[in-house]
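Below: the structure, in structure tokens.
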Amino acid sequence: MHVDEQSAWHRIPKEYTCDNFKQLHTETYLRESKKKKKKIERNPSSLSSFKSRPGEEVRTVMMMKSKQEADKPTGMPVIHPSSSSFRHARTPNVNFSSSPTSTSPKLFTLPLLPLPHILHTYAHHVRRAPRPQRSHHVITGTPGTGKSTHAALLAEESPVPLQHINVGEWVKERGLHEGYDEEWQSYTVDEDKVLDEIEPLTAEGGLILDWHTCEAFPERWADLVVVLRCDHTLLWERLEKRNYPLKKIQENNEAEIMDVVIDEARASYAPEVVVELRSESAEDMQANVARIVQWIEAWRRDHGVAE
Ligand SMILES: Nc1ncnc2c1ncn2[C@@H]1O[C@H](COP(=O)(O)OP(=O)(O)OP(=O)(O)O)[C@@H](O)[C@H]1O
């Protein structure tokens, strides 16, 4: 299958050009804020760690204003998923808006920010400047949709070495949990431990993070987020074969019907990195992996690391 620049799932903006930097940074900040907010809602005691930087609330308001302006056309490519249907989501439209960069976030907001904060932000991006040579991939979906099978095949067929991390297995093997829940027959995951365990591996790039949830991962760990989907009756059969308790099968089945994982992915990452793929047959799996491989090759060309 040929994938050219226009029909690729998305084009990754050149992160370190000045105009894109401002827009990207603003959008990333807003999404990160949303994640932090979710975490605070789950665990109010974590609030203090998120308020440690001076001027945080002020900055949020400023960024909200900038975001409204950043949403206007800026002359950079803007990619929209073409449809809510995941079959159509495979071929997003690419719009190149024509107006120049005059509507990008205004610098006049900056003097209101505390200087240490500006320096912190600048230093953060300078530290991030050497980008990984390999892309990171998240493969997510309701349990049983085929994440591990896809990830294993992708690791085999990728043009560059990729490390498959089955997060569920890591939770068990490395004790990244708070104990076993007999009723649900599953471990209560300690997300902080999971993130701490993965973090040292992320600098080089090239991870496949295989988990049924994805919102906990920082955005920089996800150049591509693949959400696998499966017809719910087929999914039921797959889970029955695992001898899961009825309650667990029902819960997973409902999650698939209610679009829980795809909604979470869309709420957590930029739309252009999230792609939804069917995983109902061996042919689906082969085609999906072939497309991810093509995406990896496109990513490498875009980042100047192709041989
Ligand atoms: N596209 C597919 N076509 C046919 N069978 C599939 C497909 N994807 C997965 N399966 C089968 O479904 C079962 C579950 O697959 P797999 O373990 O990869 O799912 P998973 O999403 O990783 O599950 P979990 O989240 O519980 O680890 C396996 O028996 C696998 O062979």
Side-chain angles (χ1 to χ4, degrees), residues 1 85-87 89-90 136-158 162-177 180-191 193-195 197-198 207-217 221-222 224-265 268 274-295:
M1 190 189 312
S85 151
F86 48 77
R87 288 213 178 275
R90 294 175 176 192
H136 284 310
H137 320 86
V138 172
I139 300 188
T140 188
T142 309
T145 46
K147 299 179 292 296
S148 305
T149 324
H150 273 74
L153 189 60
L154 176 61
E156 262 178 48
E157 302 207 345
S158 166
L162 299 179
Q163 182 178 3
H164 173 196
I165 297 181
N166 183 327
V167 178
E169 291 298 318
W170 275 36
V171 166
K172 279 187 257 174
E173 292 164 10
R174 301 177 183 223
L176 314 175
H177 56 78
Y180 190 72
D181 185 326
E182 288 294 344
E183 189 186 350
W184 290 97
Q185 295 192 13
S186 58
Y187 288 90
T188 307
V189 176
D190 184 330
E191 264 184 19
K193 281 190 191 164
V194 168
L195 299 183
E197 194 80 5
I198 297 172
L207 297 185
I208 307 173
L209 297 168
D210 155 7
W211 206 15
H212 61 267
T213 177
C214 62
E215 69 171 355
F217 301 136
W221 295 4
L224 178 68
V225 177
V226 174
V227 182
L228 297 177
R229 303 302 304 261
C230 180
D231 173 78
H232 67 97
T233 48
L234 191 52
L235 184 67
W236 188 287
E237 287 166 17
R238 287 185 192 170
L239 297 179
E240 253 183 350
K241 280 189 194 152
R242 290 179 170 181
N243 296 321
Y244 276 2
L246 183 62
K247 189 173 164 177
K248 195 164 163 177
I249 298 178
Q250 278 169 339
E251 191 207 39
N252 285 320
N253 219 252
E254 277 167 25
E256 185 61 12
I257 293 167
M258 301 297 288
D259 295 337
V260 169
V261 182
I262 184 69
D263 285 351
E264 179 190 279
S268 306
V274 178
V275 64
E276 207 175 3
L277 297 175
R278 280 244 162 239
S279 168
E280 293 175 354
S281 63
E283 292 73 32
D284 284 344
M285 189 154 45
Q286 289 290 347
N288 293 341
V289 170
R291 297 191 71 202
I292 299 170
V293 166
Q294 286 176 333
W295 178 91

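When a ligand or atom number is given, it counts from 1 through the structure's own listing order.
A donor and an acceptor atom, one from each side chain of Asp210 and Ser148, are located under 3.5 Å apart.
Residue contacts with ligand 1 for Arg242 involve side-chain atoms from C-beta outward but no N, CA, C or O (heavy atoms, distance under 4.0 Å). In Lys241, neither the side chain nor the backbone holds a heavy atom less than 4.0 Å from any atom of ligand 1. Contacts of Cys230 with ligand 1, taken as heavy-atom pairs under 4.0 Å, are absent altogether.
The shortest N or O to N or O distance between Lys147 and ligand 1 is under 3.5 Å. At under 3.5 Å, a nitrogen or oxygen of Thr149, whether backbone or side chain, sits near a nitrogen or oxygen of ligand 1. Geometrically, ligand 1 and Ser281 share a nitrogen or oxygen pair separated by less than 3.5 Å. In terms of polar-atom proximity, defined here as any N/O pair under 3.5 Å, His212 makes no such contact with ligand 1.
Shown here for Thr145 and Cys230, the closest heavy-atom pair between the two residues is CG2-CB, 3.9 Å. Contact record, Gly146 with Ser279: CA-OG, 4.2 Å, taken as the closest heavy-atom pair.
Protein heavy atom at the shortest distance from atom 5 (N) of ligand 1 is Arg238 NH2, 3.7 Å. Closest to atom 8 (N) of ligand 1 among all protein heavy atoms lies Ser279 OG, 3.3 Å. Looking at atom 27 (O) of ligand 1, its nearest protein heavy atom turns out to be Ser148 OG, 3.8 Å.
Within the structure, the closest approach of Thr145 to ligand 1 falls below 4.0 Å when heavy atoms are considered. Residue Gly141 places no heavy atom under 4.0 Å from ligand 1. Under a 4.0 angstrom heavy-atom cut-off, Gly144 registers as being in contact with ligand 1.
Under a 3.5 Å cut-off, the side chain of His164 and the backbone N or O of Leu209 do not form any donor-acceptor pair. Side-chain atoms of Gln185 do not come within 3.5 Å of backbone N or O of Tyr244 as any donor-acceptor pair.
Of the listed residues (Val194, Leu176, Val189), just one forms a side chain to side chain contact (heavy atoms under 4.5 Å, CB included) with Trp170, and that residue is Leu176.
Near Gly146, with a cut-off below 4.0 Å to any heavy atom, the atoms of ligand 1 are 8 (N), 9 (C), 15 (O), 16 (P), 18 (O), 19 (O), 20 (P), 21 (O). Heavy-atom contacts of Ala282 reach the following atoms of ligand 1: 3 (N) (cutoff under 4.0 Å).
Cation-pi geometry between Lys147 and Trp211 is not met: the NZ or CZ atom fails to fall both under 6.0 Å from the ring centre and inside 45° of the normal.
Here Arg278 does not pair with Asp231 in a salt bridge; the nearest charged N to carboxylate O distance is not below 4.0 Å. Salt-bridge check for Lys172 with Glu169: passed, with a basic side-chain N closer than 4.0 Å to an acidic carboxylate O.
The aromatic rings of His177 and Tyr187 sit tilted, their planes meeting at an angle between 30° and 60°.
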